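These numbers were taken from a predicted model, which means no experiment stands behind them.
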Amino acid sequence: LGACTLLVANQGFNVLALEPNRKTAKLLKAAVLRNGLEQRVRVLQVAAGQQKGHGQLKCWGHSATCQVFEGGSEVESVSLDSLEIETPRQLALKIDVEGSEEEVLLGATEVLKTRPTLF
């Protein structure tokens with residue numbers, strides 16, 4: 001859990017991890033603390049999208065199968081542009097949103113202008 005977050009933080013990047021699933025966000029925060037990376041990693045329990053709002057998070061088994069739809073548990077959604085993201089020399093962006101990539105990118109036009117490392 002959080003392998004990419006931990007790897008990138010260990011490489012010197014500052015990480016803002018968005019995790020809408022409450023249980024997974026809690027586990028990710030614990031992993032960050034366990035690895036002594038709390039100065040580099042900030043975990044927010046929100047979903048990434050095109051704009052600020054609320055949606056319904058629905059999961060089918062494993063947390064990696066979660067999507068924001070109607071009929072799930074309530075979750076806050078944010079655009080990456082609406083977040084206060086520091087743009088240090090090293091900024092990395094990893095998007096794993098189970099089919100909502102276009103929405104997330106449409107909400108990140110300003111962030112993308114900073115030319116982050118994408119993976």
About how many Å separate CZ of Phe13 and OG1 of Thr5, when rounded to the nearest 0.5 Å? 12.5 Å

Reported NZ-to-OG distance for the pair Lys52 and Ser77, which is rounded to 0.5 angstrom: 10.0 Å

Using the rule that two of Ile, Leu, Val, Met, Phe, Trp, Tyr join whenever any of their side-chain heavy atoms come within less than 4.5 Å, decide whether Val104 and Leu112 are in one cluster. yes

Checking Glu110 now: which residues fulfil side-chain hydrogen bond (donor to acceptor under 3.5 Å, both in side chains) with it, not counting sequence neighbours? Lys113

Apply side chain to side chain contact (heavy atoms under 4.5 Å, CB included) to Leu83 and list each qualifying residue two or more places apart in sequence or on a separate chain. Leu16, Leu18, Leu44, Val78, Leu80, Ile85

Show your reasoning for whether side-chain contact (heavy atoms from CB on, under 4.5 Å) applies to Gln50 and Ser79. CA-CA 5 Å; Gln50 187 172 354; Ser79 71; over 6 Å; no

Test side chain to side chain contact (heavy atoms under 4.5 Å, CB included), reference Glu19, set Thr24, Leu27, Asp96, Val46, output is Thr24

For the pair Arg40 (side chain) and Gly12 (backbone), establish whether a donor and an acceptor sit closer than 3.5 Å, ignoring hydrogens and angles. yes

How would you list, by chain and number, every residue that makes a side chain to side chain contact (heavy atoms under 4.5 Å, CB included) with Thr109, sequence neighbours excluded? Asp81

List the atom of Arg42, the atom of Glu84, and the distance in Å for their closest heavy-atom pair. NH2-O, 3.4 Å

Least distance between heavy atoms, Leu37 atom then Ala9 atom: CD1-CB, 3.9 Å

So which heavy atom on Ala17 is nearest to which on Leu28, and how close? CB-CD2, 3.8 Å

Nearest heavy-atom approach of Pro20 to Val75 is CB-CG2, 3.6 Å

Distance in Å, Leu105 CG paired with Ser100 OG, rounded so as to fall on 0.5 Å steps: 11.0 Å

